[in-house]
Amino acid sequence: MTEATSQPAPQTSEHEGTGQAPFRRLRYFTGQLLSARDFQREQEYFREKLKLRMRCLLGYGVVCGLLVEPAPVDEGKTEDDKGHQAKVRIAAGLGIDCDGNEVLVPGTCVIDLADALHEEERTGGKTVWVGVEYCERAVEPTRTVFNSACADTSDCDFGYTEESYVVRVTTKTPPKDDRCETCCIRCEHKVLWLARIDDVDFAKPVRKEQIHLNVRRFFGTRVPTVITGVNWRHGHTYTVDQAKELLGTQKNTGGLVVEFSDDVRVDSLRRGVVDIQVIEGGAGRNAGTWHMGGKFEEPTGGEFTRRFRYRQTTRESLQDGDQVHITVRAAFLLDRCCRPVDGTNVGGRVPFTGGKPKGETDTDHDHHPKPEPDPTGCLVPPSGIGPWTSGTGAGGDVFESWFFITEERS
């Protein structure tokens with residue numbers, strides 16, 4: 001029996017695959033002379049493995065906290081203030097950047113937006129983005145015990161490295177991370193963006209409604225594409241004429257509109273993805289169902305879209321008491337990375353993005369009642385950030401919604 005000999009693994013560039021050079025750990029032996037460089041490389045070995053696991057297995061983004069909110073005018077004020085009033089504060093929290101570094105903000109941080117910007121960006125009426133980035137700094141100066149002629153440091157050096165963060169503020173739209181494999185390819189932009197602030201006037205305080213937190217990326221391996229809006233009110237009651245206008249019945253206009261948070265492949269908008277069923281109501285025999293035929297009116301071309309319009313093409317009529325049930329099979333809708341849209345209509349709270357139906361006014365609440373308030377008090381999404389969207393994080397599933405029909409008021 002011959003003994004097998006091991007062959008060295010082929011060398012690959014650290015810019016290929018995971019973007020990580022082969023790991024090399026310290027091998028101890030008796031009589032070995034170790035220097036500061038050796039211990040530094042041993043620290044790097046464990047840190048790089050931890051970061052690789054973090055971004056490949058768990059992902060990156062905001063883990064908790066790091067909320068951006070207006071800061072009171074007198075908070076954080078110093079003698080050097082030059083009349084700046086536009087200030088925000090970042091709450092304590094934890095984030096993981098796309099390189100796997102832990103970005104810890106241990107306490108509330110107040111930011112003067114004007115001071116944080118480059119001078120050429122300090123003009124009024126701007127949109128400002130606020131984020132945090134991982135950084136390190138040397139701390140605790142320590143005198144060396146031994147110093148040789150070959151030493152690359154002075155007789156006094158820093159004994160510790162403090163892991164910290166720096167706040168980034170810009171008026172330039174941050175680049176979007178379009179990678180499908182967000183953990184196996186090195187990222188170029190390490191900033192965790194936390195908020196977009198619109199219409200900033202540096203001489204005036206920032207109002208809560210100016211701050212948009214839905215730009216933040218939540219911790220995970222990827223950001224699922226979700227449904228962000230529809231042009232009908234879930235659970236609403238429409239008159240027959242209003243429903244015809246909404247559905248585009250016997251017309252070349254109108255139709256149900258569904259909007260997405262990111263690009264969806266147009267070729268996945270196939271027959272059967274959208275289904276409209278009518279459940280008959282009213283006096284006498286009811287609960288019968290029938291299928292309402294329709295087709296996609298938009299988009300008319302291209303590879304990707306962020307919305308579609310689906311219009312009724314058959315001539316069936318709706319009657320008083322009917323329920324129109326809309327199903328979008330989100331598992332068959334694929335995003336730019338060929339992953340399914342996360343489509344669960346949690347609580348029926350995907351936002352309404354359309355206007356008032358023709359003939360409806362602000363005084364029509366009794367005739368067209370809005371859905372009853374949620375008795376559970378779930379007025380904001382579980383994250384507390386931004387508007388409700390579809391999805392539970394699992395991906396796929398079915399988007400379901402419905403509205404009711406009443407006879408037109410005499």
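What you find for A203 and Q85 is that their closest heavy atoms are O-CG, 3.1 Å. When every heavy atom of P387 is checked against every heavy atom of N214, the shortest pair comes out as CD-ND2, 4.1 Å. Across every non-hydrogen atom of L333 and V264, the tightest pair is CB-CG1, 4.4 Å.
Between the side chains of E136 and Y134, at least one donor N or O lies within less than 3.5 Å of an accepting N or O. Using a 3.5 Å distance cut-off with no hydrogens or angles, the side chains of S401 and W232 do pair a donor with an acceptor. Judged purely by distance below 3.5 Å, without hydrogens or angles, the side chains of E400 and T327 never pair a donor atom with an acceptor atom. At a cut-off of 3.5 Å, with distance as the only test, no side-chain donor of Q40 or Y45 sits close to an acceptor on the other residue. Side-chain atoms of S164 and E162 form no donor-acceptor pair, as typed in the model, at a separation below 3.5 Å.
Comment: R265 engages E303 in a salt bridge, judged by a side-chain N to carboxylate O separation of less than 4.0 angstrom. A salt bridge links E48 with K51: the closest approach of a Lys/Arg side-chain nitrogen to an acidic carboxylate oxygen falls below 4.0 angstrom. The residues R336 and D178 are annotated as not salt-bridged, no charged nitrogen and carboxylate oxygen being separated by less than 4.0 angstrom.
Although no hydrogens or angles enter the test, the distance criterion places no donor-acceptor pair under 3.5 Å between the side chain of D275 and the main chain of G272.
Using cut-offs of 30° and 60° on the angle between ring planes, the pair F403 and Y238 is perpendicular.
Relative to the ring axis of Y60, R217 places its NZ or CZ within 45° and under 6.0 Å from the centre.
R349 places none of its side-chain heavy atoms less than 4.5 Å from the side chain of T389.
Residue R270 places its CZ atom among 12 or fewer non-hydrogen atoms of other residues, nucleotides or ligands, all under 6.0 Å distant. The environment of E297 atom CD is dense: over 12 non-hydrogen atoms of other residues, nucleotides or ligands sit within 6.0 angstrom.
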### Message
Pair D201, R207 - check salt bridge (charged side-chain N to carboxylate O under 4.0 Å, His left out), show working.
### Response
CA-CA 11 Å; D201 186 339; R207 303 184 307 277; over 6 Å; no
